[in-house]
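We use all heavy atoms of the structure for the numbers below, so side chains are in, but hydrogens, waters and symmetry mates are not. Every number for a ligand or one of its atoms is a count from 1 in the order of the listing.
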Amino acid sequence: MAQPALYGVVGHPVTHSLSPRIHAFWYEQLGTHAIYSALDMIEGSARDDIQALARAGFSGLNVTLPHKISAFEACSELSDAASKIGAVNTLIRKDVDQSRIWLGDNTDWTGFLWSLDRVLTQPVKNVVLIGAGGAARAVAFALKSRGMQITLLNRTVEKAKTLAEELDLDITDLTDLQNLSERCASAPLVVNTISLGHSGGKLSLPETQSGVFIDISYGVAADATLKTASENGWTTEDGLPMLIGQAADAFKLWFGVDPDRESALDAARNWLKS
Ligand code: ATR
């Protein structure tokens, strides 16, 4: 029998990652002969260690915190999106002249778009984006790809300015979090990329008539913020569809098949409950 193809997710820590379960779910559904492992990789030598996994025979990798920049540096080639976002979450192995090298891509932004399209009932021109860290970059890139005008809010305004400049965003307003309530009150769409739930914090969104709110975290990290938003009239979505979307787009890059997203999302919601 042929050897299974080797895939995995690198992170630190990585035990909490749902990626192995999501990919194994599709392997089973589609009869794909592959193995997907969680690979805990310490910081410091991550760039070299990621390159070593190509030589060791891995066909593809996903990358989670804190290694998305190391993965970017480990690649011999980059997709246009990965290069502009400045982070890699999906690696595809290429064999060139007897060498095994990584092509780096980013499916966080396309995963976010899938999640956005599931929840939006009509096109939106203006969006409030909260946060200016690594996660915000992929989301901002996605929003820009849809031609949206962005109000960017971040605790550190300088970091928001850097993000806006580097991605050449169409900015309506750029300010700190003190203005959150006022800026969100009439917004049709608000996206939060700041994870405060693990430290017991939350964002409090004001009341809305018909706003859509997406928090790209899920589980405890997003629960309190989503609950308050929902009570105040927002149509809410957590980050699980984005997670499934980025996984599906990685799967498609590796196997050329778009796996069934909705059934994986249903399964993942059940895993989180148990
Ligand atoms: P990630 O990859 O999850 O985006 P990151 O790059 O470290 O992680 O970015 C964290 C984001 O959360 C930033 O926007 C950060 O704000 P600053 O740029 O001001 O640091 C924001 N953040 C983290 N903790 C926060 C807190 N307690 N209050 C407000 N914003 C916070």
Side-chain angles (χ1 to χ4, degrees), residues 9-14 16-19 41 43 46-47 50 62-73 81-82 84-90 104-112 115-116 127-144 150-167 169 171 173-184 190-206 213-226 228-229 237-243 245-247:
V9 54
V10 295
H12 185 66
V14 78
H16 65 282
S17 173
L18 290 178
S19 294
M41 183 179 280
E43 287 184 81
R47 187 188 66 118
I50 288 170
N62 282 133
V63 186
T64 187
L65 296 178
H67 295 320
K68 291 187 185 188
I69 309 287
S70 298
F72 181 90
E73 292 166 356
K84 289 199 174 114
I85 294 167
V88 159
N89 82 317
T90 302
D105 208 334
N106 189 303
T107 65
D108 286 329
W109 75 282
T110 48
F112 175 76
S115 135
L116 183 68
V127 54
V128 175
L129 176 60
I130 304 168
R137 290 184 75 91
V139 172
F141 185 81
L143 297 169
K144 179 184 157 85
I150 301 174
T151 295
L152 188 55
L153 307 184
N154 195 46
R155 178 177 61 181
T156 314
V157 173
E158 274 311 308
K159 273 173 78 178
K161 280 187 187 154
T162 305
L163 173 68
E165 274 167 27
E166 287 182 2
L167 290 182
L169 303 177
I171 293 286
D173 193 7
L174 193 150
T175 181
D176 62 29
L177 295 175
Q178 313 227 316
N179 297 304
L180 186 130
S181 264
E182 194 206 322
R183 296 301 192 281
C184 293
V190 174
V191 183
N192 177 38
T193 67
I194 302 174
S195 173
L196 295 170
H198 287 301
S199 47
K202 67 167 182 173
L203 288 181
S204 291
L205 263 70
F213 174 65
I214 303 176
D215 192 315
I216 67 160
S217 303
Y218 56 86
V220 268
D223 280 349
T225 297
L226 286 168
T228 308
E237 184 64 278
D238 68 1
L240 214 47
M242 178 178 173
L243 180 78
Q246 65 76 32

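- Near Leu177, meaning under 4.0 Å from any of its heavy atoms, are these atoms of ligand 1: 29 (C).
- Here's the thing with Ala135: one of its N/O atoms is less than 3.5 angstrom from an N/O atom of ligand 1.
- Between Thr193 and ligand 1, a contact under 3.5 Å exists for no N or O pair.
- Within the structure, the closest approach of Ala132 to ligand 1 falls below 4.0 Å when heavy atoms are considered.
- Ligand 1 has no N or O atom lying under 3.5 Å from any N or O atom of Ala136, backbone or side chain.
- Counting only heavy atoms of the protein, atom 10 (C) of ligand 1 lies nearest to Gly133 CA, 4.4 Å.
- Here Arg155 has heavy atoms under 4.0 Å from ligand 1 in both its backbone and its side chain.
- The only option from Thr228, Asp223, Thr225 that meets the side-chain hydrogen bond (donor to acceptor under 3.5 Å, both in side chains) definition with Lys202 turns out to be Thr228.
- With ligand atoms numbered from 1 in the order given, ligand 1 contributes 14 (O) to contacts under 4.0 Å with heavy atoms of Gly131.
- Taking a distance limit of 4.0 Å, we find that atom 7 (O) of ligand 1 is approached by no protein heavy atom.
- If you take CE on Met242 and OG1 on Thr107, they are separated by 8.5 Å, rounding to the nearest 0.5 Å.
- Proximity of Asn154 to ligand 1, defined as any heavy-atom pair under 4.0 Å, is confined to the side chain (atoms from C-beta onward).
- Atoms of ligand 1 lying under 4.0 Å from at least one heavy atom of Leu196, given by number and element, are 25 (C), 26 (C), 27 (N), 28 (N).
- Polar contact check, Ile194 against ligand 1: no nitrogen or oxygen pair lies under 3.5 Å apart.
- Leu18 has its side chain within reach of Leu240: a pair of non-hydrogen atoms, C-beta onward, lies under 4.5 Å apart.
- No side-chain heavy atom of Thr64 sits less than 4.5 Å from a side-chain heavy atom of Ser19.
- Although no hydrogens or angles enter the test, the distance criterion places no donor-acceptor pair under 3.5 Å between the side chain of Asp215 and the main chain of Asp238.
- Rounded to the nearest 0.5 angstrom, Lys84 NZ and Arg137 CZ are separated by 12.5 Å.
- For the atom pair NZ of Lys68 and CG of Asn106, the computed distance is 7.0 Å after rounding to the nearest 0.5 Å.
- Annotation: the span from Glu182 atom CD to Thr151 atom OG1 amounts to 10.5 Å, rounded to 0.5 Å.
- The single protein non-hydrogen atom nearest to atom 17 (P) of ligand 1 is Thr156 OG1, 3.4 Å, given as residue, atom name and distance.
- Taking the side chain as every heavy atom from C-beta outward, Ile214 and Phe112 approach each other to under 4.5 Å.
- Of all the atoms in ligand 1, the ones that sit under 4.0 Å from a non-hydrogen atom of Lys159 are 17 (P), 18 (O), 20 (O).
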